[in-house]
Amino acid sequence: MSKPSLARGTRDFGPEQMVKRTFIFDTIRRSFQRYGFQPLETPAFENLSVLMGKYGDEGDQLLFKLLNSGDFSGKLTDADWHAGYKPLTSKISEKGLRYDLTVPFARYVVMNRGTLVMPFKRYQIQPVWRADRPQKGRYREFYQCDADVVGTESLLCEAEIVLLLHDILPQLGIEDFTVKINNRKILTGIADMIGAHGQEGTLCVAIDKLDKIGKGKVIDELRERNFSEESIALLDPVFSLTGGENPFADLRTWLATSEIGLKGIDELEQVWQMVDALGLKNARIQFDVTLARGLSYYTGAIFEVKANNVQIGSICGGGRYDNLTGTFGVPGISGVGISFGVDRIYDVMEELNLFPENQTISTKVMISNFDQQAFQYGLSILPKLREAGINTEMYPDSVKLKKQLDYADRKNIPFVILIGSDEISTGQLTLKNMKTGEQQKGTVEELIAVVQ
RNA sequence: GAGGUUGUAGCUCAGUCGGUUAGAGCGCUAGAUUGUGGUUCUAGAGGUCGCGGGUUCGAGACCCGUCUCCCUCCCCA
């Protein structure tokens, strides 16, 4: 018999952690609703045909796949076993755990497009699973809180996402954060400009490391990735753009011949203007040409939020995807969304000590349990307290009072009602304040008034 | 997927050069206190030293494998 253990990269959430997590969920949900988003839930697992190919090759690798039920290997031939794991997987697994909430949402939109009110704004708060290697801030099961709008290309949606971020994070006590914004169209434009059409993905992965490893090593990496010397030379101005005073103007001059690049800049500038018109003060937004994001479905704006002064990955991420529903046979539905990573937000709040105090009290009154007679009496008053809206519990066993009080103490229950033979005969119960140790007598009704 | 690191009581950790019965603090249980928690004192319980194999007269310690924790890269929330 082996000791029980948790599956790698997963965690339990005890009562005190759940109080904190619920606080985060409630805060996010409230704000989502205030911005007009409606709730949606989708299944934990989907057909692999829905999930595969949406996240790039890396993403496909990280999908948890479910073995087919029953005799999954019965019809396999020797040739199947030796064909390699990829062809084999398709023969023994046809379902997988969801990797994010956006793709299941796209499937839902396609399946229900006839009845949805467009533009459709939905929020979704559910766990997702990734077969990643766990490390700090990285789990194999974690919650995402997504808000997406589909059915409109209006940049108001992007601007509202910026507002939403500035609404929710400070409510959680996270004041020092940076919303990095870029646009895939700009990246496409840059790749075109330097004659590396379609290579913006690898280009960005390299540029993204600029502040980490420096310009020289970025260029080394680009050479390794088969970028020509001409391309690298042409790219030079981009390195100086990242910290410029007026990055849009500089970039506009440089990208003057790239239609798509200019469109990306236009879009971003409009978002900036709208955010301003919405009256956002102290906007913590920053244009970052090097922001790439690996999810292959993004086509327009890209967002990423970093909590400053905390060593952890991004706590929110999102962007616009013009053709996600296209892979399900319905092109032309543009969408944009943002995802809050609750587990990382939790870690940030824990590290910065941002959780409100005194969130753990749930029971307010405990009724003691001396003996059979007192127990019967307790049963009669227990519902009265609850009807008065007071969280109440009765100690279930007639054990020593010391033990009962110790239980109340450790559970942070502020009041205990003591019932013994004296109390039963006079109807005057004893209320003990666990914080001060003071005791007072009174009828049930009087004590309820005191506790309320 | 690549690299590094860790694992001893419920928790945090000692354990010397390979040597007799593996320790501490906290926590837990009971009592001091027959109707009163937190403080104090006393006593007690609690271990397959991650798992499997090997070296040795002898392994918690050394070697190999494996799993796990944490971390870096990749990628991501």
Side-chain angles (χ1 to χ4, degrees), chain A residues 1-11 24 28 55-63 85 99-102 125-146 201-202 204-206 208-209 212-213 217 221 291-296 298 302-307 310-319 337-348 366 368-371 374 395 398-424 429-439:
Chain A
M1 216 43 71
S2 59
K3 290 178 184 174
S5 61
L6 281 170
R8 184 176 203 188
T10 65
R11 299 144 300 153
I24 300 175
I28 293 175
Y55 311 106
D57 287 343
E58 299 254 359
D60 285 355
Q61 300 286 331
L62 297 179
L63 283 170
Y85 75 98
Y99 179 91
D100 70 358
L101 302 177
T102 306
I125 299 178
Q126 290 190 275
V128 302
W129 295 269
R130 296 182 188 179
D132 222 340
R133 194 123 156 189
Q135 52 179 280
K136 179 166 184 173
R138 171 167 301 185
Y139 309 99
R140 300 182 111 178
E141 176 186 62
F142 61 95
Y143 271 76
Q144 290 194 326
C145 304
D146 277 28
T202 36
C204 289
V205 168
D208 188 45
K209 297 174 187 164
K212 266 189 195 168
I213 62 177
K217 294 209 167 165
E221 181 163 337
L291 176 62
R293 295 186 58 77
L295 295 183
S296 50
Y298 292 122
I302 337 175
F303 304 98
E304 195 164 287
V305 181
K306 287 277 296 176
V310 182
Q311 198 67 36
I312 202 164
S314 54
I315 55 176
C316 307
I338 187 73
S339 180
F340 289 76
V342 171
D343 302 81
R344 283 186 181 173
I345 288 173
Y346 182 100
D347 290 345
V348 167
M366 186 192 85
S368 71
N369 185 342
F370 283 166
D371 51 30
Y395 198 86
S398 292
V399 295
K400 294 207 290 190
L401 191 58
K402 176 185 171 70
K403 191 166 182 178
Q404 300 187 31
L405 288 172
D406 186 52
Y407 170 83
D409 187 42
R410 295 181 54 172
K411 231 181 136 178
N412 265 315
I413 299 173
F415 297 101
V416 174
I417 291 180
L418 300 167
I419 306 170
S421 49
D422 289 357
E423 284 84 355
I424 294 173
L429 309 181
T430 301
L431 178 73
K432 182 180 177 71
N433 182 322
M434 291 296 284
K435 201 168 183 180
T436 63
E438 288 166 6
Q439 299 188 178

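We name chains A, B, ... by the order of the sequence lines, and we start the count at 1 in each one.
- If you take atom C1' in B:C62 and the same atom in B:A2, they sit 28 Å apart, rounded to whole Å.
- For the pair A:Tyr139 OH and B:C75 C1', the computed distance is 17 Å after rounding to whole Å.
- The distance from atom OH of A:Tyr346 to atom C1' of B:A77 is 17 Å, rounded to the nearest whole Å.
- B:C17: no Watson-Crick or G-U partner with both key distances under 3.5 Å is found in any strand.
- Comparing B:U39 with B:C28, their P atoms sit 9 Å apart, to the nearest whole Å.
- Across the P atoms, B:C74 and B:U29 are found 49 Å apart, a figure rounded to whole Å.
- Proximity of A:Phe142 to A:Val128: side-chain heavy atoms (C-beta onward) are separated by under 4.5 Å at one or more points.
- With hydrogens and angles ignored, a donor-acceptor pair closer than 3.5 Å exists between the side chain of A:Glu423 and the base of B:G35.
- Along RNA chain B, the nucleotide nearest A:Lys403 and the nucleotide nearest A:Gly9 are compared for position; the residue whose nucleotide lies closer to the 5' end is A:Lys403.
- B:G15 and B:G50 have their P atoms separated by 15 Å, with the value rounded to a whole Å.
- For B:U36, the base has a donor-acceptor partner in the side chain of A:Gln439 [N/O atoms by modelled type, under 3.5 angstrom].
- The pairing partner recorded for B:U66 is B:G50, the criterion being a Watson-Crick or G-U wobble arrangement whose two distances lie under 3.5 angstrom.
- Side-chain atoms of A:Arg140 do not come within 3.5 Å of backbone N or O of A:Arg133 as any donor-acceptor pair.
- Remark: the separation of the P atoms in B:C63 and B:U6 is 12 Å, to the nearest Å.
- Rounded to whole Å, the C1' atom of B:G47 lies 15 Å from the corresponding atom of B:A24.
- Classified by interplanar angle (parallel below 30°, tilted 30° to 60°, perpendicular above 60°), the ring pair A:Tyr55/A:Tyr99 is tilted.
- Residue side chain A:Arg130 does not reach the base of B:C76 through any donor-acceptor N/O pair under 3.5 Å, judged by distance alone.
- The A:Arg133 side chain lies nearest to B:G3 when the options are B:G35, B:C74, B:G3.
- Rounded to a whole angstrom, the distance from the C1' atom of B:G31 to that of B:A45 is 14 Å.
- Distances from the side chain of A:Arg8 to the nucleotides B:G35, B:U68, B:A77 place B:U68 closest.
- B:U5 sits 15 Å from B:U72 when the P atoms are compared, rounded to a whole Å.
- Without hydrogens or angle criteria, A:Ser368 side chain to A:Ile417 main chain gives a donor-acceptor distance under 3.5 Å.
- For A:Arg410, the side-chain atoms get nearest to B:C28 when compared with the rest of B:A77, B:C71, B:C28.
- The A:Lys402 side chain lies nearest to B:G38 when the options are B:G38, B:A77, B:A2.
- Taking the ring centre of A:Tyr139 as origin, the terminal cationic atom of A:Arg11 falls inside the region bounded by 6.0 Å and 45° from the ring axis.
- A:Lys306 contributes a side-chain N or O that, together with a main-chain N or O of A:Ile312, makes up a donor-acceptor pair within less than 3.5 Å.
- Among B:A30, B:C74, B:U36, the nucleotide with an atom closest to any side-chain atom of A:Lys432 is B:U36.
- Judged by Watson-Crick or G-U wobble contacts below 3.5 Å, the nucleotide B:C28 has B:G44 as its partner.
- One N or O on the side chain of A:Gln404 and one on the backbone of A:Val399 form a donor-acceptor pair closer than 3.5 Å.
- Among the nucleotides B:G35, B:A30, B:C71, the one closest to the side chain of A:Asp422 is B:G35.
- Applying the 3.5 Å distance criterion, the base of B:C76 shares a donor-acceptor pair with the side chain of A:Arg344.
- A donor and an acceptor atom sit less than 3.5 Å apart, one in the side chain of A:Asp409 and one in the base of B:G37.
- Among B:G35, B:G37, B:C73, the nucleotide with an atom closest to any side-chain atom of A:Leu405 is B:G37.
- B:A77 has no base stacking with the ring of A:Phe340 when judged by centroids under 5.5 angstrom apart and an interplanar angle below 30°.
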